[in-house]
Amino acid sequence: MLSRQAIAEAALDVVDTAGPDGLTMRALADRLGVKAASLYNHVSGKDDLLDDLAALVNAEIDLTPLDDPDWRRGLARYAHGYRAVFLRHPNTIALLARRRVEADRQLLTYDALLAALGRAGLDPAAAAEAAAALDYLVLGSALETFTAGFTRGAAEYRPRHPALASALEASAARGPGLDDRGFDLALRLLLDGLAARTAR
């Protein structure tokens, strides 16, 4: 039997495997083994479906770190968990990042984050800016991989791009995980900046 939950789960599966452009009502019906018309007994259309998809993905984000009395540690754990969800579902970013926030779970997530930032000592306007910055950092890092852009060996870049070659060689010497290290650095810098604001 169809349900909104089953339809949302199938939609997420379609997006994960076929990309954001692959999510059509016909493709979703095919995934569920039903006629497309039967989906409209549960969702009013694609916009309604995307709200359910947003709720489903956001439900995977663990909000409990935001209750940590050590706000820096809690925010760092929250950010890593938030990023992990969108690393599992990167194709959803194109569908969700630029649309309205309406799903109850999305609203709960932002409310919990803003409350935690308030407890850390930020006024509401600064908390909103910090939440936006965290979104940019997490979603950007989940959408883009820095390392995948450089497919040649470092030596091939050296004649014309010596600084790039040196950076790639030095990073490789530290082992895999440049994308993760870059995210960790950006997150530390963001947390340092927030700490400086709260200190003032």
Side-chain angles (χ1 to χ4, degrees), residues 11-24 27 50 53-54 56-58 60-62 65-66 70-101 106 109-110 113 117 120 122 126-200:
L12 181 57
D13 189 43
V14 169
V15 174
D16 284 344
T17 57
D21 293 336
L23 182 60
T24 64
L50 289 178
L53 182 65
L56 188 63
V57 173
N58 274 263
E60 295 185 28
I61 302 172
D62 183 9
L66 295 174
D70 182 336
W71 71 265
R72 282 188 65 127
R73 180 176 62 197
L75 197 58
R77 286 177 52 217
Y78 165 79
H80 279 98
Y82 180 8
R83 180 174 180 248
V85 168
F86 281 95
L87 285 173
R88 287 195 298 272
H89 307 295
N91 292 335
T92 64
I93 297 173
L95 291 172
L96 304 179
R98 288 190 171 270
R99 68 186 310 273
R100 71 188 193 282
V101 177
Q106 281 182 295
T109 298
Y110 281 108
L113 173 59
L117 291 167
L122 296 176
E129 292 168 1
L134 189 64
D135 261 8
Y136 306 148
L137 174 59
V138 169
L139 296 178
S141 71
L143 185 63
E144 181 189 16
T145 166
F146 182 84
T147 53
F150 305 103
T151 56
R152 291 181 269 159
E156 290 187 54
Y157 293 106
R158 187 167 299 285
R160 296 190 62 191
H161 312 288
L164 172 61
S166 295
L168 292 174
E169 286 175 346
S171 178
R174 291 188 176 183
L178 173 58
D179 289 325
D180 292 334
R181 293 194 299 273
F183 174 76
D184 288 338
L185 171 61
L187 181 58
R188 283 197 304 274
L189 293 173
L190 174 59
L191 294 176
D192 287 347
L194 296 180
R197 276 198 175 195
T198 60
R200 290 198 298 269

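In this text, all values refer to a predicted model and were calculated from it rather than measured experimentally.
Scanning for salt bridge (charged side-chain N to carboxylate O under 4.0 Å, His left out) contacts around R197 gives E129, with sequence neighbours left out. With sequence neighbours excluded, no residue satisfies ring pair (Phe, Tyr, Trp, His ring centres under 6.0 Å) with Y136. Residues meeting the salt bridge (charged side-chain N to carboxylate O under 4.0 Å, His left out) test with E169, sequence neighbours left out: R158. In this structure, the salt bridge (charged side-chain N to carboxylate O under 4.0 Å, His left out) partners of E60, at least two apart in sequence or on a different chain, are R88. A search for salt bridge (charged side-chain N to carboxylate O under 4.0 Å, His left out) contacts involving R100 returns D47, D51, not counting sequence neighbours.
When all heavy atoms of F183 and S141 are compared, the pair lying nearest together is CD1-OG, 3.4 Å. Across every non-hydrogen atom of A11 and L53, the tightest pair is C-CD1, 4.2 Å. Counting all heavy atoms, side chain and backbone alike, G22 lies closest to V14 at O-CG1, 3.5 Å. G149 and Y157 make their closest contact through O-OH, 4.5 Å (heavy atoms, listed as atom of the first residue, atom of the second, distance). Nearest heavy atoms, A154 versus A165: O-CB, 3.3 Å. L191 and W71 make their closest contact through O-CH2, 3.9 Å (heavy atoms, listed as atom of the first residue, atom of the second, distance).
A donor-acceptor contact shorter than 3.5 Å links the side chain of D179 to the backbone of F146. T198 places a side-chain N or O within 3.5 Å of a backbone atom of A195 that can act as its donor or acceptor partner. For the pair S166 (side chain) and P162 (backbone), a donor-acceptor distance under 3.5 Å is present. Between the side chain of R181 and the backbone N or O of P176 there is at least one donor-acceptor pair closer than 3.5 Å.
Inter-residue side-chain proximity for L187 and V138 is flagged as unmet; no heavy-atom pair is nearer than 4.5 Å. A 4.5 Å side-chain heavy-atom check between L117 and L134 finds every atom pair outside the cut-off.
Taken to the nearest 0.5 Å, the CG atom of L50 stands 6.5 Å off from the CG atom of L23. To the nearest 0.5 angstrom, L113 atom CG is 6.5 Å from L75 atom CG. Distance CG/L143 to CD1/I93: 5.0 Å, rounded to 0.5 Å.
Applying the salt bridge (Lys or Arg N to Asp or Glu O under 4.0 Å) definition to pairs two or more places apart or across chains, those involving residues 186-196 are R72-D192.
Taking the six-membered ring where the residue is Trp, Y82 and F86 present perpendicular rings, their angle passing 60° and hence far from 30°.
Side chain to side chain, Y110 and D135 meet the donor-acceptor criterion of an N or O pair below 3.5 Å.
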**Item:** D180/R83 under salt bridge (charged side-chain N to carboxylate O under 4.0 Å, His left out): CA gap, chis, key distance, verdict
**Value:** CA-CA 10 Å; D180 292 334; R83 180 174 180 248; 3.0 Å; yes

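When N91, T92, T17 are each tested for a side-chain contact (heavy atoms from CB on, under 4.5 Å) with L12, only one passes: T92.
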